[in-house]
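Notes for the one structure printed next.
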Amino acid sequence: MSRLGMVSRRAVLVGAGAVAGGLVVGVYFFERFRVNARLKDGLDKGQLMLTPYVRIGEDGVTIITPRADLGQGAYSVQAALVAEELDIAWSDIKVDPGAPSSVYYNGKVLKEGLPIAATSVLLGPVAEAISQAGGKFLSLQWTGGSSTVADAYDRLRIAGATARELLLRAAAKQTGIARADLKTRDGAVIAPNGRALSYASLAGIAATLEVPADVKLRERKDWRYLGKSMPRLDMVAKCTGTATFGIDIRLPGMVYATVCTNPHLGGTLRSYDASRAAKARGVLKIVPVKGGVGIIADNTWRAFQAAKLIGFDWGEASYPASSAAMFEEVRASFIPERRDSRCKDDGDVDAALAGAKVIEAEYCVPYLAHAPLEPMNAVVQLKDGRLDIWTGTQAPVFLVKMARKLTGLAAEDIHLHALPSGGSFGRRLENDYVRQGVELAMAYQGRPIKMTWTREEDMTHDFPRPLAVARMRGAVKDGKLDACDLAIAAPSVTSSQFGRLGLHMPGPDMAIVAGAWDQPFRIPNYRVTGYRVPELVRVSSWRSVGASGNAFLHECCLDELIQIAGADPLHERLRLCSHAPSRRVLDEVRRMSCWDSKPGPGRARGLAFTLSFGVPVAEVIEVEKINDAIRIARVFVAAEVGVVLDPDNLKNQVEGAVVWALGHAMNAELTFANGRAVQTNYHEYEGMRLYQAPEIEVVALETTGETGIRGIGEPAVPPAAPALANAIFAATGIRARQLPLIKTEGIRFV
Amino acid sequence: MIRYALLILLIACPAQAVAEAQPPARDPAPGLALWSRINEVFSHPRCANCHVGEDGVPMWSGASNGRVARPHGMNIVAGDSRNGATYLACTACHTPRNSEMPHGPPGAVDWKLPAPERQWFGKSSAEICRQFRDPRLRGMASIDDVVDHIRNDGKVRWGWSPGPGRAAPPYSADQLAAFVAQWDKSGAPCPEQ
């Protein structure tokens, strides 16, 4: 076995094993050759890996950041976790997403899919264990579920501290000075006489040493980087337009391509006529791909132009042709045969409703597209039995698996170069676009092919956030909320995703009711039931997944009942709230927004609260009425994240989430007509405009400390839409029960 | 000679005064029908979206702009110049030609907003009519000038070739010019409300 192999295996044991106890040892010992071959992929001559997250060569230290950066600052926060313990200067940090490897599995992301509420003290450890084991078993190198920080917090710091300890011991061995007399500073071991030995000079010896099993992590008071706002590592490159996203890759001899596939999603291609396109300027080859054709040309524009010249006879889709028909299918799903889950059933709802005046309402949310600014793309080269892929992806291991299956190549002949993405919001969990790139490369071998989708291809071939309908029945008693029976019907995201990965999803899909069933309110009679609609359009994760739409369904229903009870939306929620961290965010948002004072003439406030991904978030939105139109004036957000690793980045995430969510709440829906998506570009799928952006105030509470550490990439999204809808009700008396809000008569935004 | 001229004036003036005081009774219906057609064009999003008031904010309305009228998506303010010269020139995006992309910026030569006193957006047919009938408010002394403007101004002609995805107003520029001329000849009647 090579030295690299030995070092990596030990490092894997430490890096991964220390987090989850001894559970992983057997698995990784058994798999060490595969794991090591993968990790070797990024190594140049003379480079060594001290742990799976620390690579050292003559040019210094590179930190491996295996969670994808989709604009959320994931590379910076991962680097900070390692650098804090390893002790290297911020300005010297180099990052690399590394190779796809099961060692980089995500041990936290499955938690969200379990029927165990984040508030459950008793079952919390069970959920944790299942998530760790499941993530490992599935080699789930997966970026999503706001899990990067929570998953990396211990693991990356241990990896950094382990590497540092190895370097210290290497310095002790080289100099003969006692380990206890050595210190580290900014990428070097410092001897008592002040002599500095660079990490690079010690790496060779360090790699021969036994890896320590129990390193001590720095105390919080000693942190240099964590807990402070550090300039993001990609800031200069992004601000100067020099950052290299997947779409920016240029390689010698590169050719360019685009793809047209059936807009009736999943439908076949009956026939096509490419005779005109084949003669178009710059076209090199037209090749069939699954469900369509690819056009390879000498530049992207010419590929786009030639694609327009192809006549297609598309096969039909299997789902209902229109949005109206799809909603009919959803409304027809509130039947026993389609019941999926009932994990919340407190009190006796039926009895409470039987003796009361029942309030009923139906709410619905539409399909939503991911619509990232960077449309799907991949650069792929198949040459002499070696496949190289350059792209942004949230699921690298699955991507390699797909490429292996398609090409028949061995895993070691497939090289994925992961790159930052210009947005994703969950879209890059899918690998359909990379599959097309590989298909093109197989048909046009030798040269690198940059495959880029048009914006129209991107919008009309998305895996949207599913549509959903909620039926609410409720009752109030003595000015208090007494009963709430919420039934939600939606297609299953998890089942759709698992199916594409060749996996079967056991049990109910908690995404259908996420953000609704697991809310920390003790309503005396309280029931949430999920109904699974058979798959219509294939669907996928969309930033904050199930909670993204369910928060609107749940929080508007709650608001409606509280309003009928004549109670105050915030105080009634506080009264019902049984979870201390959630109470604290409600209290905080009350303080921030001056909830108990009048908001001023022409103004009104609305509140929503959602606990998603383990993070309680309360949002108050203050709106202003201007000539019968609504202006969103101010947004107040309080969240409980345990430990804030970078205050500025957290604020940016929340602000971005609020603007993104409100834009969708106001304007956006993906509709279908004649079996295809109607919206093709941003003119029909419009976000919030710059002039509409409100003032946003953010407070992150840290009262739960390290035991409650969570990510904030998604949890600020769900409460935004219901807070706005509730504010509009407070301002106008108009109760919007569907999204986007402009579909409700009388609602207009300025 | 002078006496003769005075005599003619003395005879003619009272007659004219009588004519003004008692206009010949004329059926307003044909004129109002013409105005109705004219208003169909004037209130159409292709025209009204730019005929806005003193705030100088063009509007987005009509089928190609979603369900409800709202200010220009970039919240552009055209300013006193009505062409954005002191803020951001309209021509920064609106070139002399329409973009071929769906919802790309439309364009014509000298893209700018009409003067604020010619605001049509948000006004009723009667309001637009009374405003249009007043030479000071419409900014053109004679109907011949108006007819010429409709027939030959590139910005008006653009309304009937507005680029992909946008509906044109009914009739044609030449038909509209003819309606305006006939409406004026019919006494330029305006609806009451």
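Owing to the predicted nature of the structure, the values given are computational and were not obtained by experimental measurement.
- Around atom CG of B:D80, no more than 12 heavy atoms belonging to other residues, nucleotides or ligands sit under 6.0 Å away.
- Crowding of B:R151 atom CZ: a count of heavy atoms from other residues, nucleotides or ligands under 6.0 Å exceeding 12.
- Separation of atoms CE (B:M74) and OH (A:Y691) is listed at 10.0 Å; rounding is to 0.5 Å.
- Surrounding CG of A:N674 are at most 12 heavy atoms belonging to other residues, nucleotides or ligands under 6.0 Å away.
- To the nearest 0.5 angstrom, A:N667 atom CG is 6.0 Å from B:R70 atom CZ.
- In terms of heavy-atom pairs under 4.5 angstrom with chain B, the leader among A:E684, A:E456, A:E686 is A:E686.
- More than 12 non-hydrogen atoms from other residues, nucleotides or ligands lie less than 6.0 angstrom from CZ of A:R455.
- Of all the heavy atoms in B:W60 and A:R689, the pair that sits closest is CZ3-NH2, 3.6 Å.
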